[in-house]
Chemist: 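First the structure, which I've put down as structure tokens, then a few questions once you've had a look.
The shown structure was predicted, so the numbers you read here are calculated from the model rather than taken from an experiment. Starting from 1, each residue takes its place in the sequence as its number.
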Amino acid sequence: MGINSELPLYTPREEGKKEKEKRPLLVPKGTKDWMFLEKIKVPETFLQFIPVIAKQKAVEESIEKNGTVDKPIIINPKTHELVDSYSRYYVAKQRKLDRVPVHY
């Protein structure tokens, strides 16, 4: 019995994954720029806390659905220091995102 060349070499489940990977990233409303996560400086006051699990889950769902965080991370444009949105930063770092949307 030979291989049927008309049949795909992957399952429909794999096909869905390939389509999901090709989808363009959502650009959240208010995004001024995209920045490499490693370039954002996080003040010690933020690093003392772990965001609430409910907030983490909401951000994780956005990343799963849209490929990025749901809203831009707020930074100081001159210093690249995190001003707000630590929960989004925290989850993006956990998920090893390269770049994130930012707002000044």
Chemist: Linking I/L/V/M/F/W/Y whenever any side-chain heavy atoms sit under 4.5 Å apart, do Val27 and Val59 land together?
Modeler: no
Chemist: Could you check whether any side-chain N or O of Gln56 sits under 3.5 Å from a backbone N or O of Val91, counting only pairs where one atom can act as donor and the other as acceptor?
Modeler: no
Chemist: Under 4.0 Å between a Lys/Arg side-chain N and an Asp/Glu carboxylate O for Arg95 and Glu64?
Modeler: yes
Chemist: Out of curiosity, does Leu26 fall in the hydrophobic cluster containing Leu37 (side-chain heavy atoms, cut-off under 4.5 Å, transitive links)?
Modeler: no
Chemist: Any side-chain heavy atom of Ser85 within less than 4.5 Å of one from Lys71?
Modeler: no
Chemist: Count the heavy atoms of every other residue, nucleotide or ligand shown that sit under 6.0 Å from OH of Tyr104, and state whether that count exceeds 12.
Modeler: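 It does: Tyr104 OH has more than 12 such atoms within range.
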Chemist: Not counting sequence neighbours, which residues clear salt bridge (Lys or Arg N to Asp or Glu O under 4.0 Å) with Arg99? List them please.
Modeler: none
Chemist: As an exercise, state the distance from CZ of Phe36 to NE2 of His80, rounded to the nearest 0.5 Å.
Modeler: 12.5 Å
Chemist: Determine whether a donor-acceptor pair (N or O, by modelled atom type, separation under 3.5 Å) exists between the side chain of Asn76 and the backbone of Lys78.
Modeler: yes
Chemist: Would you check if the side chain of His103 reaches a backbone N or O of Gly30 as a donor-acceptor pair within less than 3.5 Å?
Modeler: yes
Chemist: Determine the minimum heavy-atom distance between Ile75 and Val83, stating which atoms define it.
Modeler: C-CG2, 3.8 Å
Chemist: Report whether Ile74 and Phe46 are members of the same hydrophobic cluster (ILVMFWY, side-chain heavy atoms less than 4.5 Å apart, transitive linking).
Modeler: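 No, because Ile74 and Phe46 fall into different hydrophobic clusters, even though each may have its own neighbours under 4.5 Å.
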Chemist: Quick one: which of Ile73, Asp70, Thr68 gives a side chain to side chain contact (heavy atoms under 4.5 Å, CB included) with Pro28?
Modeler: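 The option that passes is Thr68.
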Chemist: Ile50 and Tyr90: which non-hydrogen atoms are nearest, and at how many Å?
Modeler: CG2-OH, 3.7 Å
Chemist: Could you tell me the separation between the CD atom of Glu61 and the NZ atom of Lys57, rounded to the nearest 0.5 Å?
Modeler: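 The NZ atom of Lys57 is 8.0 Å from CD of Glu61, to the nearest 0.5 Å.
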Chemist: What are the two closest non-hydrogen atoms of Val102 and Pro72, and how far apart are they?
Modeler: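 So the two residues come closest at C-CB, 3.7 Å.
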Chemist: After noting the C-alpha distance and the side-chain angles of Val69 and Ile63, does the key distance pass the side-chain contact (heavy atoms from CB on, under 4.5 Å) rule?
Modeler: CA-CA 5 Å; Val69 295; Ile63 292 171; 4.2 Å; yes
Chemist: Report the C-alpha distance between Val100 and Tyr89 in whole Å, list the side-chain angles of each, state the deciding distance to 0.1 Å, and finish with yes or no for side-chain contact (heavy atoms from CB on, under 4.5 Å).
Modeler: CA-CA 8 Å; Val100 291; Tyr89 171 87; over 6 Å; no
Chemist: Treating Ile, Leu, Val, Met, Phe, Trp and Tyr as nodes and any side-chain heavy-atom pair under 4.5 angstrom as an edge, say whether Leu82 and Met35 lie in one connected cluster.
Modeler: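 Yes, it is one cluster - the side chains of Leu82 and Met35 are joined through contacts under 4.5 Å.
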